[in-house]
Novice: 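First, the structure itself, so that you have it in front of you.
Every chain is numbered from 1, with letters handed out A, B, ... down the list of sequences.
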Amino acid sequence: MPARDQAVRARYAPSPTGPQHIGGIRSALFGWLFARRHGGQFILRIEDTDQKRSVRGSVEQIVEAFAWLGLDIDEGPHVGGDYGPYVQSQRLDQYQRWANWLVEQGHAYRCFATPDELAEMRKAGRGYDRRYRDFPADRSAEQAAQGMAHVIRFKMPLAGTTRGKDLIRGEVAFDNAQLQDAVLLKSDGFPTYHLAHIVDDHAMRISHITRAVEWLPSFPLHLHIWEAFGWEKPQFAHLPVLLNPNGKGKLSKRRQQFADAGGKSVPVLVHEFQSAGYLPEAVVNFLTNIGWNFGDDREVFTNAEAIARFALQDVNPANSAYPIAKLDWLNSQWIQRIHANELASRLKPALEAAGYAVDESLLRRVAPTLQVRLKSLRDVAPMAGFFFADWNDFAAPPAEILIQRKMDAAGTRHILQSALPLLAALDDFSPEAQHAAIAAYAASSGLKNGAVFGSLRAAVSGQRVSPPTFDVMAILGKAESLRRIKLAVAALETAIA
RNA sequence: GCCCCAUUCGUCUAGCGGCCCAGGACGUGGCCCUCUCAAGGCCAAAACAGGGGUUCGAGUCCCCUAUGGGGCACCA
């Protein structure tokens with residue numbers, strides 16, 4: 001059991017195509033957990049060899065997403081490292097040099113087929129027919145020297161079977177006759193993924209390639225390229241992917257509606273989780289639990305706890321439907337789990353976003369009452385926003401809020417008027433003291449607790465749903481609580497008159 | 001069309017030949033607790049895709065079929 005293995009280096013190598021998608025993050029997370037488990041490094045490399053698809057600002061978004069989730073990166077374009085640059089468009093000379101080396105060694109060849117010719121071949125049903133595979137070397141070099149447009153293709157074996165070891169699936173086998181002579185270097189001098197990632201993973205000493213299953217079909221190609229270079233191969237793990245919540249198709253890149261998720265808009269981009277009020281701890285916990293499990297039936301665990309147990313061999317090879325409903329539960333678990341003061345500081349932005357000017361010491365007193373009743377940080381505004389509105393502006397809520405079930409205006413007014421002197425008489429205005437006084441009143445008056453407590457709740461909070469009434473009053477203070485109750489009494493007077 | 005990978009409750013999963021008339025979790029339903037909303041506790045319904053093998057014994061191994069996912073680009 002290697003607690004430390006300096007040789008372990010895993011990486012996340014996304015294309016900079018915009019906001020970070022949760023599917024990509026999940027793949028990255030498994031590589032990250034693996035690296036951390038073995039005391040290794042986790043590297044970020046930007047694969048921007050397709051100029052058309054690159055989106056400005058993507059790197060910043062990736063870095064922000066990882067920072068928010070608490071996944072630290074050891075080397076990358078934003079932090080540097082010994083094996084940079086970590087952006088492929090800055091490594092072009094490497095790819096060209098190695099592509100030419102493969103041609104010289106006879107492992108690859110120049111292909112002068114035009115786009116029209118290729119379209120023709122595709123139309124005919126089969127792929128590229130390898131027409132330049134045996135093109136004489138001298139003519140090939142001559143045409144290239146004349147500046148004739150060409151790509152460099154890899155010479156795949158024409159027969160036999162290629163076997164590879166996948167850490168998750170075990171041995172996988174492919175019939176070489178099915179494989180094509182893939183393009184390594186495009187006519188614009190940019191490499192394809194196939195060439196670039198191998199040159200980089202070798203140069204950056206990557207020990208374990210963790211990537212999504214869609215790469216499995218090109219695994220044999222990559223294996224042959226590694227062999228052609230004569231480089232020591234890393235280990236491979238092809239990770240399962242996330243499917244839409246209904247299990248149909250890969251999880252969509254775009255935010256969208258899913259019937260199976262109750263018509264709710266399902267978050268898929270990292271910033272959507274943040275703005276929806278999910279805790280990063282909950283999001284990471286959620287993702288870690290898909291395709292991998294803690295091992296002792298525990299569902300709620302920290303990153304550190306997961307790291308201590310993580311193994312790629314334990315990853316479930318099957319793709320999974322995106323179990324988004326579980327995230328709400330996990331989020332509420334995490335909201336209960338963090339310290340109340342920590343919750344307070346995380347709640348502040350949500351309140352401010354809702355337009356409240358937040359008094360931090362007040363928020364610290366309110367936070368404990370919210371801990372068991374928030375599913376999302378965003379729920380704080382409807383539940384407890386009233387604490388942060390200007391108290392001077394407080395107005396009694398309408399009668400339909402004040403009057404509880406099976407009660408009328410007169411009865412409600414009577415309850416509030418009776419409570420007033422009882423509360424006023426309390427020297428200790430703690431929730432417990434209030435509860436004792438009011439519960440005694442309810443019992444002696446023959447009223448249900450619900451009717452009494454509910455009337456008070458509505459009077460002081462202005463809401464039907466709120467944190468526990470006596471907690472609310474304790475936080476508001478005796479004077480403010482009494483003032484609000486009197487306001488409610490007055491409102492009911494006019495309702496009756 | 002060809003190739004690859006996968007297949008346990010609605011969903012996420014445990015299970016690596018006997019400990020499984022299949023366990024946990026979310027969700028759902030019920031009960032309890034309860035000042036609202038929650039949280040919490042208890043209970044319930046709910047699955048080994050189908051068919052062949054191998055074996056004393058199969059959810060676990062093999063084959064076929066079905067279904068799902070992915071790939072077959074000068075995208076990654």
Side-chain angles (χ1 to χ4, degrees), chain A residues 13-15 17 47-50 52-53 111 113 115 118 122 125-128 149-153 166 168-169 172-175 177-180 182-194 196-197 211-220 238 240-241 243 245-250 260 262 286 289-300 313-314 316-330 332-333 335-336 370-375 379 382-383 404 435 438-439 442 448-458 461 463-470:
Chain A
S15 289
T17 52
E47 307 213 325
D48 60 343
T49 56
D50 184 359
K52 293 184 289 291
R53 298 205 316 161
C111 169
L118 291 168
R122 255 194 302 276
R126 286 198 311 280
Y128 175 64
H150 64 276
V151 300
I152 289 176
R153 286 182 184 270
D166 178 83
I168 295 172
R169 289 151 224 276
V172 283
F174 304 83
D175 178 6
Q178 299 291 334
L179 303 164
Q180 305 223 336
V183 172
L184 299 178
L185 200 71
K186 304 180 228 177
S187 56
D188 63 2
F190 277 66
T192 60
Y193 170 83
H194 305 302
H197 91 274
R211 60 186 2 173
V213 259
E214 49 247 40
W215 290 113
L216 199 52
S218 49
F219 186 25
H238 292 92
V241 298
L243 271 24
N246 58 13
K248 297 279 179 189
K250 251 175 59 169
D260 291 4
F286 168 67
N289 240 339
I290 307 170
W292 184 80
N293 71 90
F294 198 76
D296 70 351
D297 288 343
R298 213 181 323 173
E299 305 278 336
V300 185
Q313 285 80 357
D314 294 337
N316 184 337
N319 295 337
S320 33
Y322 188 46
I324 188 64
K326 223 166 177 171
L327 178 60
D328 282 333
W329 173 75
L330 233 20
S332 68
Q333 292 296 310
I335 286 173
Q336 289 183 60
L370 265 21
Q371 208 138 17
V372 296
R373 36 182 62 80
L374 255 33
K375 263 206 175 69
D379 295 343
M383 175 71 75
Q404 303 301 295
H435 187 278
I438 300 300
K448 286 248 184 346
N449 277 355
V452 177
F453 295 8
S455 302
L456 288 166
R457 170 199 321 288
S461 70
Q463 302 178 173
R464 281 214 118 105
V465 173
S466 80
T469 303
F470 304 122

Novice: Can you tell me the Watson-Crick or wobble partner of B:U28, both distances under 3.5 angstrom?
Specialist: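 Across all strands, the one nucleotide that pairs with B:U28 is B:A44.
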
Novice: Using the six-membered ring wherever Trp is involved, compare the ring planes of A:Y193 and A:H197 and label them parallel, tilted or perpendicular (cut-offs 30° and 60°).
Specialist: parallel

Novice: Of A:Q180 and A:W215, whose nearest nucleotide on RNA chain B comes first from the 5' end?
Specialist: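 Mapping each residue to its closest nucleotide by heavy atoms, the 5'-most match is A:Q180.
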
Novice: Identify the nucleotide, in any strand shown, that forms a Watson-Crick or G-U wobble pair with B:A6, with both distances under 3.5 Å; if there is none, say none.
Specialist: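 For B:A6, the partner nucleotide comes out as B:U67, under the 3.5 Å rule.
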
Novice: Base, sugar-phosphate, or nothing: which does A:A113 touch, judged by heavy atoms less than 4.0 Å apart?
Specialist: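 If one applies the 4.0 Å heavy-atom cut-off, A:A113 turns out to touch a base.
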
Novice: Roughly how many Å is it from CZ in A:R373 to P in B:A39, rounded to a whole number?
Specialist: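 Between P of B:A39 and CZ of A:R373: 10 Å.
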
Novice: Report the distance from atom CG of A:L216 to atom P of B:A76, rounded to the nearest whole Å.
Specialist: 19 Å

Novice: Let's test this: given Watson-Crick or G-U wobble pairing with both distances under 3.5 Å, identify the partner of B:A14.
Specialist: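 When the pairing criteria are applied, nothing turns out to pair with B:A14, so the answer is none.
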
Novice: Who does B:C61 pair with, Watson-Crick or G-U, both distances under 3.5 Å?
Specialist: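 The base-pairing partner of B:C61, which may sit in any strand shown, is B:G53.
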
Novice: I need the CD1-P distance between A:I168 and B:G70, as an integer number of Å.
Specialist: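 Atom-to-atom, A:I168 to B:G70, this comes out as 17 Å.
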
Novice: Starting from P on B:A73, measure out to CZ on A:F190 and report it in whole angstrom.
Specialist: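 Nearest whole value for this atom pair: 22 Å.
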
Novice: Rounded to whole angstrom, note down the C1' distance from B:A45 over to B:U7.
Specialist: 24 Å

Novice: Just by distance, with hydrogens left out, do A:H238 and A:R169 show a side-chain donor and acceptor under 3.5 Å apart?
Specialist: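 Judged by distance alone, the side chains do not pair up.
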
Novice: Expressed as a whole number of angstroms, how long is the span from A:L370:CG to B:C37:P?
Specialist: 16 Å

Novice: Pick the P atom in B:C26 and in B:G40, then give their distance to the nearest Å.
Specialist: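 Each nucleotide's P atom is 8 Å from the other's.
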
Novice: Using atom C1' of each nucleotide, how far apart are B:C74 and B:C61 to the nearest Å?
Specialist: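 Rounded to whole Å, the distance is 45 Å.
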
Novice: Could you state the atom-to-atom distance from CG of A:L243 to P of B:G68 in whole Å?
Specialist: 12 Å

Novice: Say we look at B:C56 and B:G51: how far apart would their C1' atoms be, to the nearest angstrom?
Specialist: 23 Å

Novice: Atom CG of A:D188 and atom P of B:C74: how far apart are they, to the nearest Å?
Specialist: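 In whole Å, B:C74 P lies 12 Å from A:D188 CG.
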
Novice: What distance, rounded to whole Å, do you find between the two P atoms, one in B:A38 and one in B:G59?
Specialist: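 Straight-line distance between the two P atoms is 42 Å.
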
